[in-house]
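Please read the structure below before turning to the comments.
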Amino acid sequence: GPLSERPLMEVRLGELHTWASTCSFSAQGLLAAVQRAWGSYCAKYIHVKQGGPAGISMLLAGYCLLSYGWNYQHFSKASYLRNS
Amino acid sequence: VLHTTRPLHTTQQSLAPVPPLPEKGGEVRHGLIPEEFFQFLYPKTGVTGPYMLGTGLLLYLLSKEIYVVNHETAAAACILTVIVYAIKKFGPDVAAFADKLNEEKMASALAMKNDTIQTLQTAIEEEKKEQWRAEGRSYLFDAKRNNIAMLLEANYRERLLTVYNEVKKRLDYQVALQNLKRQKEQDHMIQWVEKNVVQSITPQQQKESIAKCILDLKALSKSAHATV
């Protein structure tokens with residue numbers, strides 16, 4: 001189908017450039033995109049009859065990575081500079 | 001305010017019945033990385049590709065100190081060990097428990113549905129039976145008509161009997177009256193005749209009759225003596 005209506009996983013790497021130009025970067029567009037992403041994640045991993053630990057553990061791992069990224073400045077100050 | 005000019009229910013879309021949930025979620029390897037990543041790398045690097053990528057990335061992050069090893073690393077390691085051990089040990093039990101809860105809910109809903117269907121079936125049969133019963137109403141009316149005819153007949157005969165009895169009583173009265181009158185007339189006549197006869201016997205006649213009787217008695221006694 002047309003480029004803007006395909007899900008992101010089916011867009012090829014070479015077409016990523018043109019795809020990025022078709023999507024709307026307004027507030028509503030971004031909000032709609034976030035909502036769609038969250039909805040598809042829930043439908044695939046959480047709202048199933050026999051889900052496992054994968055659904056929540058991926059969210060927790062993502063949260064760990066994000067918080068490490070936000071606090072990188074704090075980590076990178078070498079701790080050996082403080083009192084032993 | 002309902003605008004009746006707007007057409008309602010024109011499309012096939014409806015909210016019920018809700019489609020059932022999928023059985024299993026997306027495949028995830030080691031609990032963290034979706035299977036699609038491995039499939040994505042398979043054509044170019046084969047089976048070991050993602051693992052080599054992971055190891056190289058980890059070593060790069062450690063050596064370049066992009067990931068700093070500090071006390072939190074040890075804490076994270078311990079926590080992760082405990083979590084993995086708990087999931088491996090108690091996972092199936094929790095899953096079975098949740099499945100049992102779901103099963104109970106489904107069973108109760110199904111039982112309710114079956115009960116309702118059964119109730120409606122019995123109601124249908126009862127209704128058919130009632131319809132069959134209603135067909136016999138002609139017999140009922142015939143029986144009622146017969147009853148009423150019998151009542152009328154019995155009443156008519158009762159009144160006929162009453163009439164007969166009354167008439168007989170009046171006639172008997174007249175007959176008894178006539179008999180009584182004749183009886184009284186007879187008695188009265190007999191009395192009158194006796195009274196007159198007694199009056200007509202004068203004293204003279206009485207003496208003569210007594211003397212005659214005595215003579216007759218003597219003659220009789222003589223004849224009786226003679227025979228003895």
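Reminder, nothing fancy here: chain letters follow the sequence lines and each chain counts from 1.
- Between B:Glu130 and B:Arg133 there is a salt bridge, with a side-chain nitrogen of the basic residue lying less than 4.0 Å from a carboxylate oxygen of the acidic one.
- Heavy atoms of other residues, nucleotides or ligands lying less than 6.0 angstrom from CD of B:Glu104 number more than 12.
- Put simply, of B:Asp99, B:Asn102, B:Ile66, the one with the most heavy-atom pairs under 4.5 Å next to chain A is B:Ile66.
- Heavy-atom contacts from other residues, nucleotides or ligands closer than 6.0 Å to NE2 of B:His188 number 12 or fewer.
- At a 4.5 Å heavy-atom cutoff, the contact between B:Leu32 and chain A is made by backbone and side-chain atoms alike.
- Between B:Glu125 and B:Lys129 no salt bridge is recorded (no basic side-chain N to carboxylate O distance below 4.0 Å).
- In this structure, the portion of B:Glu65 lying under 4.5 Å from any heavy atom of chain A is its backbone and not its side chain.
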